[in-house]
Amino acid sequence: MKIERTLNFIFVSLLLSLMGMQPIWSQSEKINGVAVGFDLSRLVVKGFEPERTALEVSARVLVKPKWFAVAEAGYENVDFDNLRSSEEKSYDYASNGSYLRVGVDYDFFKVEEFGNNDNVYVGLRYGFCLMEHEAPGYTVENDFWGASQEGSIAPYTLNVHWAEFVFGLRTELFRNFYMGWSARLKVKVVENNDEVLSPFVVGGYGKGDNQLNLGFTYSLAYEIPYHRKRKK
Amino acid sequence: MRICLFFCCIVGFMGLLTLPGCNPESICLSSQHAVQTGFYSSYATTDKDTLVEKLWVRGVGGPDTLINDTTSVSKLFLPLSFETDTTAFVFPFVDGKLVDTVRFVTDKELIFVSGECGYYFKFHIREVLHTKIVVDSVAILNPIVDYNENRENVKFYLR
């Protein structure tokens, strides 16, 4: 019965929010819930680097005052099979990988307005990516002797682990709809890879060559409320 | 306070649009499989660069002349072959009257440089064989011919 009531509550909240109406609670209530988000920056990267295709979703929940547990999951594929023929690259490459980042955010935004769920936060993440990649063909040019060497690296699986330091903020656009961005410093911890091929991009981490990467997310999120606290 | 945060989020969105600019592409080097050699006098008690005049160098089995220099040189880059483990060059000194042949015996190893630059071969010089007309002796200083390393691999001591 309790589950049914909760689902009904979520559905009505979502519907009213989409209609731009005031929900059943008022501004004098503080809402806690699960924030489910979508990272727009992955789409922008695709616009500038067409060989990369990525998608990322996230979930965040308040575990204790000021502290949030966060999980971010996604996938990223890279494919530049046709750049060797146009001499833009000296090798063909394809990869597909899934990743998960888990961690915590600490909100240090001091707000006196009750019902305001905006945040300015710092956080930590542990990231893990499992991916398969291959170089279907490569060429090493020899300008003087003329005979270039060609070869290929067969598909194989590897995994990469990293840590992230996060700074970000988010603000409410509409009732329960948030937008926000985060800047991240990513440090590669382990790459289990014995073959002569580094990942061009590690999903969720960035350029596979780099030991350090800077990252950026720009998210839209909907907070599914499951608990409301009335102002006393 | 909320307006301020809203403004910050919009600024962040602007930053998002400039995101690809944060990843400058690395510069890829070419012809990184060449042995760096220097010419020295075999008569000097300490190593001293020797200028070789009007040098031209030809790769044995190579398509053309590697160098046909009317000026003087004291250093040369000798590209190694990918197909064989021995790469030979002919050095006609003194207008071609005195000819030496130098052979580099090498192992090669495939290396992945970076996502932008792809593959190249790293070479290990095992041995340098040579005739002794003008070339008195050869010393291998750094046997590894590696990507983006500017160091002399071999010294030629000339009579």
Side-chain angles (χ1 to χ4, degrees), chain A residues 40-41 43-45 47-49 78 84 89-93 109-113 116 118-120 135 138-151 153 168-173 178-183 195-201 206-210 213-218, chain B residues 1-26 28 30-34 57-67 77-84 87-89 108-122 147:
Chain A
L40 283 176
S41 68
L43 304 179
V44 174
V45 168
F48 287 90
E49 295 179 72
V78 179
R84 192 160 62 121
K89 288 266 192 299
S90 63
Y91 68 110
D92 298 327
Y93 181 80
F109 186 51
K110 287 193 174 126
V111 59
E112 290 171 5
E113 182 191 351
N116 185 328
D118 293 354
N119 308 126
V120 180
Y138 65 80
T139 307
V140 187
E141 298 282 351
N142 194 327
D143 296 335
F144 178 69
W145 294 97
S148 300
Q149 199 87 2
E150 301 210 338
I153 306 290
L169 50 86
R170 72 164 205 171
T171 189
E172 194 169 22
L173 276 181
Y178 291 83
M179 71 173 174
W181 57 260
S182 70
E195 300 288 330
V196 192
L197 177 63
S198 290
F200 187 76
V201 168
K207 294 285 183 186
D209 293 331
N210 300 343
N213 267 331
L214 289 175
F216 189 82
T217 66
Y218 194 90
Chain B
M1 191 64 91
R2 173 164 286 177
I3 289 171
C4 180
L5 265 188
F6 182 81
F7 178 73
C8 288
C9 282
I10 294 299
V11 169
F13 185 70
M14 301 292 198
L16 176 66
L17 296 177
T18 61
L19 192 62
C22 299
N23 280 322
E25 293 197 351
S26 56
C28 301
S30 60
S31 302
Q32 293 294 299
H33 46 271
V57 179
R58 184 171 56 84
V60 175
D64 51 21
T65 303
L66 174 65
I67 183 171
F77 288 84
L78 303 172
L80 296 168
S81 169
F82 295 163
E83 289 196 305
T84 60
T87 307
F89 295 93
K108 71 175 189 291
E109 181 188 353
L110 184 69
I111 298 290
F112 187 79
V113 179
S114 68
E116 294 301 330
C117 302
Y119 288 92
Y120 95 109
F121 284 111
K122 173 180 174 179
Y147 184 88

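Atom set for the values below is all heavy atoms of this structure, side chains included, hydrogens, waters and symmetry mates excluded. To find a chain, count down the sequence lines: A is the first, B the second, and so on, and within it residues start at 1.
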Provide the closest heavy-atom pair for B/C117 versus A/S90 in the form atom of the first, atom of the second, distance. O-OG, 3.4 Å

So, the part of A/A135 with a heavy atom under 4.5 Å from chain B: the answer is side chain

N/O donor-acceptor pair under 3.5 Å between A/Y91 side chain and B/G115 backbone: yes

All salt bridge (charged side-chain N to carboxylate O under 4.0 Å, His left out) counterparts of A/D209, not counting sequence neighbours: none

On a heavy-atom basis, which atom in A/E141 and which in B/H33 lie closest, and how many Å separate them? O-CE1, 3.6 Å

What I'd like to find out is whether the side chain of A/W145 reaches to under 4.5 Å of the side chain of B/E83, using heavy atoms alone. no

All heavy atoms of A/Q149 vs all of B/F82, minimum pair found to be OE1-CB, 3.4 Å

Checking the side chain of B/Y119 only, and the main-chain atoms of A/V196 only, is there a donor and an acceptor separated by less than 3.5 Å? yes

Centre-to-centre under 6.0 Å for B/F112 and A/Y138, is that the case here? no

My understanding is that only residues two or more places apart in sequence, or in another chain, count here; which of them pass side chain to side chain donor-acceptor pair (under 3.5 Å) with B/Y120? B/D146

